[in-house]
Amino acid sequence: MQIEYIGGFQVFLGVLARFWPVWLAMAIVLVASFNFRKHLGLYGQLFDSGVGISGVAICFFWLFTAIFAAKVAPFDPLSQIAVMKDALPGAVEPASGLTYLFGGDKLARDVFSRMVYGSQIVLIIAPAATMFALMVGITLGLPAGYYGGRVDSVLSFLANLVLAFPVILLFYLLVTPGIMDTPIPYALAGLFFLFPIIFFSVLFYTRFKDRPDRLYLLLGITLVFGGWIYAGLVFNADPFGIVSIEPNQLNIFVAVVFASSPGVFRIVRGLTMDIKTRDYVAAAQTRGETPWYIMLWEILPNARGPLIVDACLRIGYTTILLGTLGYFGLGLAPESPDWGTAIKDASRLLRSFIHPALPPTFALMSFVLGLNLLADALREQSMKD
């Protein structure tokens with residue numbers, strides 16, 4: 001069957017047209033953010049510089065692409081149409097009349113649709129794993145820096161022990177398929193996923209212990225929602241079937257949290273050791289505030305700038321790591337549309353067909369670039385503060 005092709009300019013216009021929900025959502029959010037930037041705190045200050053606007057725009061582009069993936073992508077990322085195998089960009093699928101805008105891969109799947117759906121995997125795993133790593137690092141780093149002594153020695157030793165492992169070897173050990181036959185991933189997940197529940201429970205208790213009505217409400221919400229998410233992620237036992245995670249994604253999730261937490265721990269520990277010498281901390285101690293109140297409500301808010309910057313950079317590192325793991329065929333399923341797996345599949349035929357490798361490569365590069373620009377803008381604003 002003869003395949004028809006459209007011109008390069010038509011491909012360009014077709015790509016722009018497919019992203020219409022993304023452009024619309026970005027226009028609404030960015031215009032509203034710019035107009036009300038004076039009332040949006042640190043986020044609003046990002047719109048005072050070109051770097052901040054660029055970083056926010058790129059990150060929002062991929063965020064809305066992930067949200068509207070079903071509208072943007074013309075094909076299912078796993079569907080195969082035999083006649084479109086290795087089709088060049090602009091190939092028109094004979095049956096439906098839709099265009100393979102970026103061509104087809106070696107398994108006759110639409111490269112454009114796989115790139116779009118790949119953003120969902122990246123934007124689910126990378127930010128979520130980074131947030132859990134922050135929870136673990138903050139919960140352990142605050143007491144290590146505040147108390148010092150034996151507490152600091154024990155926690156720092158454990159962090160240095162993990163950091164002593166070569167990162168690639170550590171991830172290889174944690175994401176190999178055979179590891180799921182052992183209780184190690186589930187044991188680590190059960191441990192790490194407790195930290196957000198512990199963090200917010202202590203946070204609310206130290207703040208509202210003298211107001212039982214609000215305390216019991218917030219603790220109840222924390223325990224109910226935390227337990228619900230915990231049961232779904234660790235035991236796959238969500239009674240509503242809403243919260244769940246695939247075993248191979250759980251592998252990657254646990255590996256990222258395990259490897260990233262010591263770095264966050266060391267940052268939080270260093271910031272705490274510096275901030276605890278400030279006058280407002282001494283004033284809180286004089287008022288008779290408890291150590292955990294001082295750590296969570298005096299020290300942590302004043303360490304938010306560097307932690308936000310580190311979180312943006314760490315999401316970028318995690319994105320690159322996911323791409324690396326996908327390239328080596330580790331973690332996610334072989335048919336996954338994530339960008340790393342797509343690059344790996346396309347790299348085997350680079351001498352013959354280069355077009356399947358370019359879209360996921362540029363997608364990965366642009367998203368990490370946006371996060372780095374966002375981190376640079378946040379760093380500038382935190383230095384001003």
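The structure presented is a predicted model; accordingly, all values stated were derived computationally and were not measured.
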*Report the C-alpha distance between D213 and L217 in whole Å, list the side-chain angles of each, state the deciding distance to 0.1 Å, and finish with yes or no for side-chain contact (heavy atoms from CB on, under 4.5 Å).*
CA-CA 7 Å; D213 54 336; L217 174 63; over 6 Å; no

*Between S366 and W62, do the side chains contain an N or O donor and an N or O acceptor separated by less than 3.5 Å?*
yes

*Kindly indicate, with the supporting measurements, whether the criterion side-chain contact (heavy atoms from CB on, under 4.5 Å) is fulfilled by V264 and R314.*
CA-CA 9 Å; V264 179; R314 204 167 290 278; 3.5 Å; yes

_Which label fits F64 and F60: parallel for a plane angle under 30°, tilted from 30 to 60°, or perpendicular past 60°?_
parallel

*asked:* Can you tell me if D279 has over 12 outside heavy atoms packed within less than 6.0 Å of its CG?
replied: no

*Aromatic plane relationship, F47 with Y43 - under 30° parallel, 30 to 60° tilted, over 60° perpendicular*: perpendicular

*In this structure, which one of W297, W292, Y293 forms a side-chain hydrogen bond (donor to acceptor under 3.5 Å, both in side chains) with T206?*
W297

*Given side chains that start at C-beta, do those of W23 and L16 come closer than 4.5 Å, heavy atoms only?*
yes

*Do other residues, nucleotides or ligands put more than 12 heavy atoms under 6.0 Å from I198 CD1?*
yes

*Which pairs with one or both residues in residues 6-25 pass salt bridge (Lys or Arg N to Asp or Glu O under 4.0 Å), sequence neighbours excluded?*
none

*Examine R37 relative to F34 and say whether NZ or CZ is less than 6.0 Å from the centre of the six-membered ring and inside a 45° cone about the ring axis.*
yes

_Before you tell me yes or no, could you show the steps for Q10 and T99 under side-chain contact (heavy atoms from CB on, under 4.5 Å), namely the whole-Å CA-CA distance, both residues' side-chain angles and the distance that decides it to 0.1 Å?_
CA-CA 10 Å; Q10 290 176 291; T99 304; over 6 Å; no

*Does a sphere of radius 6.0 Å around CZ in R278 hold more than 12 heavy atoms from other residues, nucleotides or ligands, not counting ones at 6.0 Å or beyond?*
yes

*D110 and S113: CA distance, side-chain angles, deciding distance, side chain to side chain donor-acceptor pair (under 3.5 Å) verdict*: CA-CA 5 Å; D110 180 32; S113 297; 2.5 Å; yes

*Is there a donor-acceptor contact under 3.5 Å from the side chain of R266 to the main chain of S261?*
no

*Considering the options F68, F61, F12, which one meets the ring pair (Phe, Tyr, Trp, His ring centres under 6.0 Å) requirement together with F19?*
F61

*Aromatic rings F132 and F253: how do their planes relate, parallel, tilted or perpendicular, breaks at 30° and 60°?*
perpendicular

*Can you check whether D152 reaches R150 side chain to side chain, under 4.5 Å on heavy atoms?*
no

*Does atom CZ of F225 have more than 12 heavy-atom neighbours from other groups under 6.0 Å away?*
no

_Looking at every heavy atom in both A159 and P262, which two are closest together, and how far apart are they?_
O-CB, 3.7 Å

*asked:* Can you tell me if K85 has over 12 outside heavy atoms packed within less than 6.0 Å of its NZ?
replied: no

_Residue pair R214 / F208: nearest heavy atoms and the distance that separates them_ = CD-CE2, 3.4 Å

_Exercise: identify the closest heavy-atom pair between L134 and A311_ = CD1-CB, 3.7 Å

